[in-house]
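Naming convention: chains lettered A, B, ... in sequence-line order (proteins, then strands); numbering from 1 in each chain. Bear in mind that the values here come from a model prediction, so they are computed numbers and not experimental data.
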Number of protein chains: 2
Amino acid sequence: MTQKLSDRKRKILKAVVDEYILSPIPVSSSEIKNKYFADISSATIRVELATLEDMGYLIQPHTSAGRIPSSRAYRFYVKNFIGKKSLRKNEMLIIDESFQKKYTDIEDIVRASVKVISDITNYTSVIVIDNINDVLIKEIKLVGLEAHTALLIIITDSGIIKDHVIQLNNIISPNFLSDANILLNRVFAGSILGDLSINTIIIENELNEFKELLGYVVEIIKSYSFGNENSVFIEGQKKMLDYPDATLEQAKRALNVLENKELLADIFSGQADDLEFSIRVGKHETCGLEKCAIMTARYRVNGKEVGTAGVIGPERMDYSKVMSVLSYVGKAVGTFIKNEFSDEEER
Amino acid sequence: MTQKLSDRKRKILKAVVDEYILSPIPVSSSEIKNKYFADISSATIRVELATLEDMGYLIQPHTSAGRIPSSRAYRFYVKNFIGKKSLRKNEMLIIDESFQKKYTDIEDIVRASVKVISDITNYTSVIVIDNINDVLIKEIKLVGLEAHTALLIIITDSGIIKDHVIQLNNIISPNFLSDANILLNRVFAGSILGDLSINTIIIENELNEFKELLGYVVEIIKSYSFGNENSVFIEGQKKMLDYPDATLEQAKRALNVLENKELLADIFSGQADDLEFSIRVGKHETCGLEKCAIMTARYRVNGKEVGTAGVIGPERMDYSKVMSVLSYVGKAVGTFIKNEFSDEEER
DNA sequence: AACTAGCACTCATATCGCATGACTGCTAAC
DNA sequence: GTTAGCAGTCATGCGATATGAGTGCTAGTT
């Protein structure tokens, strides 16, 4: 069914997409002739365009208009023509600088990443942290703060540190603390966040004194292993409004999607499992992002994949640039983490 | 200059504003007659309207249109006619429920507040936490996590607990920790976040071993005492697009303002110092929120004022409802905190 | 002096027709 | 296979016209 495209057809298709990305007005045959094919006539190009339209790559908004690429054309384009292009020096500088600070928390790093990606690409950027089911709990600490208040600190193998203030009915005495710390580590240390059913059973057998505490801890750990909305980071929502073809209605719908973090998590996670990048153009009918392209890459911290970073933009987005930015930020985060969390020498 | 309004003028002005808030189309004399003044003729009302227009309270978009309220009219309206109105049962329920969970952190409480305010009012909601210059540091704890990683916990008098992961070059030994804890509390405990100049000097005199640590701590505390962007919480940005008169351009400008957290902090803080509520209509020329009204109330946690909560909406917003919501949420947060952080009996 | 009926006037909005011009598709010749 | 040339299509813009909502004003009434 899908025939191979001739070389000239490929060139013409690329020309249409390039032009349309440059400025989103339907591309005419003469425009293509002038800028790309001085040697053949516009009539010939028209014939080719007509075939490309028949094949589903191009769309004519109306009879006397030029052609615009279909989602299919973008997919072809993405598959065949794009690759990283090097960023401008000052762009690289900005990225580097945004990781210059001493970050203390993985959340801060993610926030910085999502922000810089959006800033440089000028598209809405999203990072979804995976359900961290396969993360190992290295250690748990309980620190007393006030009579009934304590801080629970969870340290995982990938350097992710999370803490929660909790309120207990018991008076939190030094004895209680030291017992609790021993107990917590006996129960949870070395286990994987994923399977809590076992732990839940264990609780039943423990002393009454610690039941409340253990209940909280299980609840907290659970909230990490299920996709909770804290694990979706967005930046630059309003850039969705900048697509020149956006009407207010569409914009509202798109922003609605962005507020639905569960949906976003669905869209972003489970992508690009083996590939470095995943690009989807169109085909988001289900979720209200009809005319969008989504480009994602795995997001690694400390060498470990922790989530998916990506960009939502118009189909006519600057794919190469986005790809480069995602790649460069990924590298910056990688080396940054290395310096922070481990003791290897600087490169 | 500003003459007292006759009773009938006040009634008519209120009618115009009420009608316009109900649905934003210019209000005609006959409409007012039908709904509010069965006993006088539309011609008479027209005369009154003309005077009100001369006085600057009303605007005629064009000759053959009805009148719409000016910012001045809204201000008059707000000053004279509004008060809390009781919320619907299910609205109160939603608010109560959103504070049902065991919150652990002041940030969580604020996030829940700003979200529920936006949800119920259907306007963009903002909470700005004050520069907490006058907060007392009750205690500081340093907990070792890994060889070079520690968690710094700051406990303040109002139950606000903040923590930060920090990386040190020193190996964090038990000895180092206990010395550091004593040192930190000697230097910082009991002092007010506001004046750090003294502390900065103190550092100079300390042992080399702790210089790095103390430097971080000062830096962290500083980041709280200056208005940092973490202290601005926003929810429901996209609701700005729902004002029926909003064009895409205006919407973009407004959303731009929302992304500028420093500006937002400026707009919101320093308001309503003694008043329970502050309402500003129009007069935001400087900041790109020309046609907006902003209503704010002091935001209290644990009885202590910690910031300002408010709503940004169209001039024709439902002032009474917003006022009620702010008030009700304030009460909910108050009682919630009471139960959580102190030991007084339930009411 | 306040009110009101009635009429003339204004002006935003909608609709229609028409001219324009940017492109295309097609045909016939190369 | 390519191309010149021409007829056909259709979005866009503009002006003219009709409509009607709503006012301001005047003159007469209470």
Side-chain angles (χ1 to χ4, degrees), chain A residues 3-13 15-20 22-70 73 244-245 247, chain B residues 3-13 15-20 22-70 73 244-245 247:
Chain A
Q3 289 195 308
K4 274 271 179 191
L5 294 182
S6 73
D7 244 34
R8 194 168 67 185
K9 283 200 182 57
R10 291 166 57 97
K11 254 186 94 179
I12 289 175
L13 185 54
V16 174
V17 177
D18 280 336
E19 279 302 306
Y20 196 72
L22 215 61
S23 85
I25 45 179
V27 185
S28 73
S29 55
S30 56
E31 203 179 337
I32 296 178
K33 176 186 162 61
N34 292 336
K35 295 204 192 172
Y36 299 85
F37 288 90
D39 48 340
I40 60 177
S41 82
S42 65
T44 311
I45 293 171
R46 274 202 291 282
V47 175
E48 297 281 52
L49 288 174
T51 349
L52 284 168
E53 185 177 350
D54 287 343
M55 297 170 83
Y57 288 106
L58 295 179
I59 294 166
Q60 215 175 4
H62 58 265
T63 328
S64 68
R67 306 304 210 289
I68 63 175
S70 69
D245 49 337
T247 70
Chain B
Q3 289 195 307
K4 274 271 179 189
L5 294 182
S6 73
D7 243 35
R8 195 169 67 186
K9 283 201 181 56
R10 290 167 57 100
K11 254 185 95 180
I12 289 175
L13 185 54
V16 174
V17 176
D18 280 336
E19 279 303 307
Y20 196 73
L22 216 61
S23 85
I25 44 179
V27 184
S28 73
S29 54
S30 57
E31 204 178 339
I32 295 178
K33 176 186 162 59
N34 292 335
K35 295 203 192 172
Y36 297 84
F37 288 90
D39 48 340
I40 59 177
S41 81
S42 66
T44 310
I45 293 172
R46 276 204 290 282
V47 176
E48 297 281 53
L49 288 175
T51 349
L52 284 168
E53 185 177 349
D54 288 342
M55 297 171 84
Y57 288 106
L58 296 178
I59 294 166
Q60 214 175 5
H62 59 265
T63 329
S64 68
R67 304 304 209 291
I68 63 174
S70 69
D245 50 336
T247 70

Exercise. Got a second to check how far B:Glu31's CD is from B:Arg67's CZ, nearest 0.5 Å?
Worked result: 13.0 Å
Problem set entry | Euclidean distance, atom CG of residue B:Leu58 to atom C1' of D:dT23 [Å, nearest integer] | 14 Å
Problem set entry | Cation-pi geometry met for A:Lys11 and A:Tyr36 (6.0 Å, 45°) | no
Exercise. On DNA chain C, which is the earliest and which the latest nucleotide, 5' to 3', with an atom closer than 4.0 Å to a heavy atom of chain B?
Worked result: C:dC3 to C:dA12
Problem set entry | A:Ile40 side, atom CD1; A:Ser29 side, atom OG - distance, nearest 0.5 Å | 10.5 Å
Problem set entry | Atom pair OG/CD1 of B:Ser28 and B:Ile45 - distance to nearest 0.5 Å | 9.0 Å
Can you check nucleotides 9-13 of chain D for protein contacts, nitrogen or oxygen pairs under 3.5 Å, and list what you find?
from: D:dT9; atom 1: O3'; to: A:Thr63; atom 2: OG1; distance (Å): 3.2
from: D:dC10; atom 1: OP1; to: A:Thr63; atom 2: OG1; distance (Å): 3.2
from: D:dC10; atom 1: O5'; to: A:Thr63; atom 2: OG1; distance (Å): 3.4
from: D:dC10; atom 1: O2; to: A:Ser64; atom 2: OG; distance (Å): 3.2

Problem set entry | B:Gly56 backbone acceptor or donor facing B:Ser70 side chain under 3.5 Å | yes
Seminar exercise, completed: Sorted by number, residues from residues 26-37 of chain A placing a heavy atom under 4.0 Å from DNA chain C are A:Ser28, A:Ser29
Seminar exercise, completed: Residue set satisfying side-chain hydrogen bond (donor to acceptor under 3.5 Å, both in side chains) with A:Arg8, at least two apart, ordered chain then number -> A:Glu48
Exercise. Looking at CG of B:Leu13 and CG of B:Asp18, how far apart are the two atoms once the value is rounded to the nearest 0.5 Å?
Worked result: 9.5 Å
For this session: Hey, could you give me the CD/CZ distance between A:Glu53 and A:Arg46, rounded to the nearest 0.5 Å?
Result: 13.5 Å
Problem set entry | Contact nearer the 5' end of DNA chain C, comparing A:Arg67 with B:Ala43 | B:Ala43
For this session: Please name the residue in the list B:Ile32, B:Asp54, B:Thr44 that meets the side chain to side chain contact (heavy atoms under 4.5 Å, CB included) test with B:Leu49.
Result: B:Ile32
For this session: With the side chain counted from C-beta on, respond yes when A:Tyr57 and A:Leu5 share a heavy-atom pair under 4.5 Å apart, and no when they do not.
Result: yes
For this session: Taking the side chain as every heavy atom from C-beta outward, state whether B:Val27 and B:Leu58 have any pair of such atoms under 4.5 Å apart.
Result: no
Seminar exercise, completed: When every non-hydrogen atom of A:Pro26 is compared with those of A:Ile68, the smallest separation belongs to CA-CG2, 3.7 Å
Exercise. Does any residue of residues 44-54 of chain B have a heavy atom under 4.0 Å from DNA chain C, and if so, which ones, in number order?
Worked result: B:Thr44, B:Arg46
Problem set entry | B:Lys35: partners by salt bridge (charged side-chain N to carboxylate O under 4.0 Å, His left out), with sequence neighbours left out | B:Glu19
